[in-house]
Novice: 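Mind having a look at this structure? Questions to follow.
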Amino acid sequence: MASESLKTRSSSGIKVIPAGKVLGAEIQGVDLRRISTDDFASIYLAWLRHSVLLFREQKLTDEDLVAFSKRFGELDWAPIQESGRRFVEGHPEIYVVSNVMENGAPIGSLGSGEATWHTDMSYLQDPPKASILYALEVPPAGGNTYFNNMYLLYETLPEGLKKRIEGKSLKHDGTYNSGGYVRQGIAAVDDPIKSPGTFHPLVCTHPETKRRVLYLGRRRNAYIEGLSLAESESMLDELWAQANRKELEWHNEWRAGDLVLWDNRCTMHRRDPFDAGSRRVMHRTQIKGETRPCA
């Protein structure tokens, strides 16, 4: 995170430390099991300003994680994992992200491989507005999570490309998850025109900050409505070449006890692979969207 000179202190006493990048901040001086109304107001404002927040050294039970998550709004139930398992027993809101096997079956999703750039659940009509990921066990190396700033991506697009995408809608594919696994109950389809999914505007307005943002979701099986497949692929290749710029990123090198909150409406994220012999156990919640992505 950034140096001491970049620290700011909220009126409630918590510290907001910008990452010194184009997004991200660390919140210090807060125990998420016990936060006041003023603390939460400061956290919420910091989240809108920085898009991604990191809280270190938290000691949360599943009940604590759900309670903190609910302060941001109603929670979605966790999606069904590739194994057919749905959620943590007694906590339908918690999605397990893990490579750990127990009794020959995975306890969670996404394994130990790379997870490509994506926005959570963007193939739904009503995608979640935010996601929270809490680290229970982490490998000694790898598994870092990267975030990028979709406000800045849109603002820095070449003007000609900006004009060409204005008013266009993008199909967000529902076939594969970010680890490349076919979603539970879906047949594998690799034709972007025929694959299941939902169309959202390519350029959206954030419902709270009112800033314009590029809403890409994920690359695989994406399709721009009204174009030929060749035209759609060409335009998406241009957009993703812009999205992959390092200057748009910040990443977290996970420690056990880290909690990361991100705004699903204006960021994408990805994960590095890690040694399959190491354990990684994360619990994720997602906050329901209050409005659909809209231009």
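Just so you know, these numbers use all the heavy atoms, side chains as well, and skip hydrogens, waters and symmetry mates.
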Novice: How many angstroms lie between CZ in R280 and CG in D275, if you round to the nearest 0.5 Å?
Specialist: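 If we round to the nearest 0.5 Å, R280:CZ and D275:CG are 13.0 Å apart.
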Novice: With the side chain counted from C-beta on, respond yes when T116 and R270 share a heavy-atom pair under 4.5 Å apart, and no when they do not.
Specialist: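 No. Closest side-chain heavy atoms not under 4.5 Å.
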Novice: Answer yes or no: is there an ion pair linking E155 with R212, defined by an N-O contact shorter than 4.0 Å?
Specialist: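 No salt bridge links E155 with R212.
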Novice: Let me check something: do F55 and L48 share a hydrophobic cluster, defined by ILVMFWY side-chain heavy atoms less than 4.5 Å apart, either directly or through other members?
Specialist: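 Shared cluster, yes.
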Novice: For a 4.5 angstrom cut-off between non-hydrogen side-chain atoms, does I94 reach V66?
Specialist: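 SC-SC contact between I94 and V66 confirmed.
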Novice: Would you check if L259 and L133 make a side-chain contact, meaning some heavy-atom pair closer than 4.5 Å?
Specialist: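 No, their side chains stay 4.5 Å or more apart.
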Novice: Any heavy-atom pair between the side chains of Q286 and L75 that's under 4.5 Å?
Specialist: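 When only atoms from C-beta onward are counted, Q286 and L75 do not touch, as no gap falls below 4.5 Å.
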Novice: Do S234 and E231 meet the criterion of a side-chain donor-acceptor pair at a distance under 3.5 Å?
Specialist: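 Per modelled atom types, S234 and E231 side chains form no pair under 3.5 Å.
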Novice: Going by an N to O cut-off under 4.0 Å, is there a salt bridge joining R265 and E208?
Specialist: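 Answer for the salt bridge query: yes.
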Novice: If every non-hydrogen atom of R271 is compared with every non-hydrogen atom of G111, which pair is closest and at what distance?
Specialist: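 Smallest interatomic distance, heavy atoms only, reads NH2-O, 3.2 Å.
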Novice: Is it true that R219 and E233 have a side-chain N and a carboxylate O under 4.0 angstrom from each other?
Specialist: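 Between E233 and R219 there is a salt bridge, with a charged N closer than 4.0 Å to a carboxylate O.
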Novice: Are side-chain N/O atoms of T175 and Y123 paired as donor and acceptor at under 3.5 Å?
Specialist: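 Short answer, no.
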Novice: How would you list, by chain and number, every residue that makes a ring pair (Phe, Tyr, Trp, His ring centres under 6.0 Å) with H200, sequence neighbours excluded?
Specialist: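 If we apply the ring pair (Phe, Tyr, Trp, His ring centres under 6.0 Å) test to H200, skipping adjacent residues, the hits are H172, Y215.
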Novice: More than 12 heavy atoms of other residues, nucleotides or ligands under 6.0 Å from CD of E137: yes or no?
Specialist: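 Enclosed.
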Novice: Of all the heavy-atom pairs spanning S51 and L23, show the shortest one and how long it is.
Specialist: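 Between these two residues, the closest heavy atoms are CB-CD1, 4.4 Å.
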Novice: Would N252 and Y146 count as having a side-chain donor-acceptor pair, cut-off 3.5 Å?
Specialist: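 Per modelled atom types, N252 and Y146 side chains form no pair under 3.5 Å.
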Novice: Identify which one of D76, T267, T119, D120 satisfies the side chain to side chain donor-acceptor pair (under 3.5 Å) criterion when paired with S131.
Specialist: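 Result for side chain to side chain donor-acceptor pair (under 3.5 Å) with S131: D120.
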Novice: For E102, look at atom CD and say whether over 12 heavy atoms of other residues, nucleotides or ligands are found less than 6.0 Å away.
Specialist: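 Atom CD in E102 is not packed in, count stays at 12 or less.
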Novice: Does the distance from a Lys or Arg side-chain N to an Asp or Glu carboxylate O, for K163 and E166, drop under 4.0 Å?
Specialist: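 Here K163 does not pair with E166 in a salt bridge, since their nearest N and O are not under 4.0 Å apart.
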Novice: Please find out if less than 6.0 Å separates the ring center of W262 from that of H269.
Specialist: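 Judged by ring-centre distance (under 6.0 Å), W262 and H269 do meet the cut-off.
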Novice: What about W240 and V203, same hydrophobic cluster or not, with Ile/Leu/Val/Met/Phe/Trp/Tyr joined at side-chain heavy-atom distances under 4.5 Å?
Specialist: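 In one cluster with W240: V203, yes.
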Novice: Give a yes or no on whether a salt bridge exists between R220 and D190, defined as a side-chain N under 4.0 angstrom from a carboxylate O.
Specialist: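 Yes, this pair counts.
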Novice: Does a side chain donor of either E249 or H251 reach within less than 3.5 Å of an acceptor in the other side chain?
Specialist: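 Looking only at side-chain atoms, H251 and E249 do not form any donor-acceptor pair under 3.5 Å.
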Novice: We want to know whether D64 and T61 form a side-chain donor-acceptor pair, criterion being a heavy-atom distance below 3.5 angstrom.
Specialist: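 The answer is yes; a qualifying pair exists.
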Novice: Between K162 and Y154, does the side chain to side chain contact (heavy atoms under 4.5 Å, CB included) criterion hold? Intermediate values first, please.
Specialist: CA-CA 8 Å; K162 262 190 192 178; Y154 174 71; 4.0 Å; yes
Novice: For K129, does the NZ atom sit with more than 12 other heavy atoms under 6.0 Å from it, leaving out its own atoms?
Specialist: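 Check passes, neighbour count above 12.
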Novice: Is it true that N244 and W117 share a donor-acceptor pair across their side chains at a distance under 3.5 Å?
Specialist: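 The criterion, which ignores hydrogens and geometry beyond distance, is satisfied for N244 and W117.
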Novice: Could you tell me whether a side-chain N or O of R245 sits under 3.5 Å from a main-chain N or O of Q242, the two making a donor and an acceptor?
Specialist: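 Between the backbone of Q242 and the side chain of R245 there is a qualifying donor-acceptor contact (under 3.5 Å).
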Novice: Which heavy atom in C204 sits nearest to a heavy atom in P201, and how many Å separate them?
Specialist: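 The pair with the smallest heavy-atom distance is SG-O, 3.3 Å.
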Novice: Stepwise, does the side chain to side chain contact (heavy atoms under 4.5 Å, CB included) test hold for L32 with L60?
Specialist: CA-CA 8 Å; L32 295 179; L60 308 180; 4.2 Å; yes
Novice: Between D173 and Y223, is any pair of side-chain heavy atoms under 4.5 Å apart?
Specialist: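 No, every pair of side-chain atoms sits at 4.5 Å or beyond.
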Novice: Given L153 and L239, is the side chain to side chain contact (heavy atoms under 4.5 Å, CB included) satisfied, shown in steps?
Specialist: CA-CA 9 Å; L153 173 54; L239 291 170; over 6 Å; no
Novice: Is there a path of hydrophobic side-chain contacts, each under 4.5 Å between heavy atoms, that joins I132 and I14?
Specialist: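 Linked, I132 and I14 end up in one cluster.
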Novice: Within a strict 4.5 Å, meaning less than it, do heavy atoms of the Q28 and I17 side chains meet?
Specialist: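 Yes, close enough: below the 4.5 Å cut-off.
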Novice: Between E238 and R164, does any NZ, NE, NH1 or NH2 come within less than 4.0 Å of an OD or OE carboxylate oxygen?
Specialist: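 Yes, charged N to carboxylate O under 4.0 Å.
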Novice: Tell me whether F199 shares a hydrophobic cluster with Y176, the cluster being built from Ile, Leu, Val, Met, Phe, Trp, Tyr side chains joined at under 4.5 Å.
Specialist: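 Looking at the clustering, Y176 is in a separate group from F199.
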Novice: Can you name the closest pair of heavy atoms from I224 and S232 and give their distance?
Specialist: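 That would be N-OG, 2.9 Å.
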Novice: I'd like to know whether M235 forms a side chain to side chain contact (heavy atoms under 4.5 Å, CB included) with K168, so could you lay out the CA-CA distance, the side-chain angles of the two residues, the decisive distance to 0.1 Å, and finally the verdict.
Specialist: CA-CA 11 Å; M235 183 174 285; K168 289 188 165 50; 4.1 Å; yes
Novice: How close do E290 and F72 get, heavy atom to heavy atom, and via which atoms?
Specialist: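 Nearest heavy atoms, E290 then F72: OE2-O, 4.1 Å.
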Novice: Test your reading of the model: is there a side-chain donor-acceptor pair from N149 to the backbone of V22, 3.5 Å cut-off?
Specialist: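 Pair found, side chain donor or acceptor close to backbone of V22.
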Novice: Do D263 and H50 have side-chain N/O donor and acceptor atoms under 3.5 Å apart?
Specialist: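 Side-chain D/A pair, D263 to H50: absent.
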Novice: Can R56 and Q58 be counted as having a side-chain donor-acceptor contact under 3.5 angstrom?
Specialist: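 Side-chain D/A pair, R56 to Q58: absent.
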Novice: Under 3.5 Å, is there a donor-acceptor pair between the S36 and D38 side chains?
Specialist: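 No, no side-chain donor-acceptor pair sits under 3.5 Å.
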Novice: Could you state whether V96 and L261 fall into the same hydrophobic cluster, counting links through intermediate Ile, Leu, Val, Met, Phe, Trp or Tyr residues with side-chain heavy atoms under 4.5 angstrom apart?
Specialist: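 Result: yes, single cluster for both.
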Novice: Closer than 4.0 angstrom, basic N to acidic O: yes or no for R255 and D258?
Specialist: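 Looking at D258 together with R255, the answer is no, because their closest N to O distance does not fall below 4.0 Å.
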Novice: Taking all non-hydrogen atoms of both residues, which atom of R71 and which atom of F40 are closest, and how far apart?
Specialist: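 For R71 versus F40, the nearest heavy atoms are O-CZ, 3.3 Å.
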Novice: Tell me if a side-chain donor or acceptor on K171 pairs with a main-chain N or O of E225 at a distance below 3.5 Å.
Specialist: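 It does not hold such a pair.
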Novice: Within the structure provided, determine whether N99 and I107 are in side-chain contact (heavy-atom separation under 4.5 Å).
Specialist: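 No, their side chains stay 4.5 Å or more apart.
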Novice: Ignoring hydrogens and geometry beyond distance, is a side-chain donor-acceptor pair present between T285 and Y95 at under 3.5 Å?
Specialist: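 No, no side-chain donor-acceptor contact under 3.5 Å.
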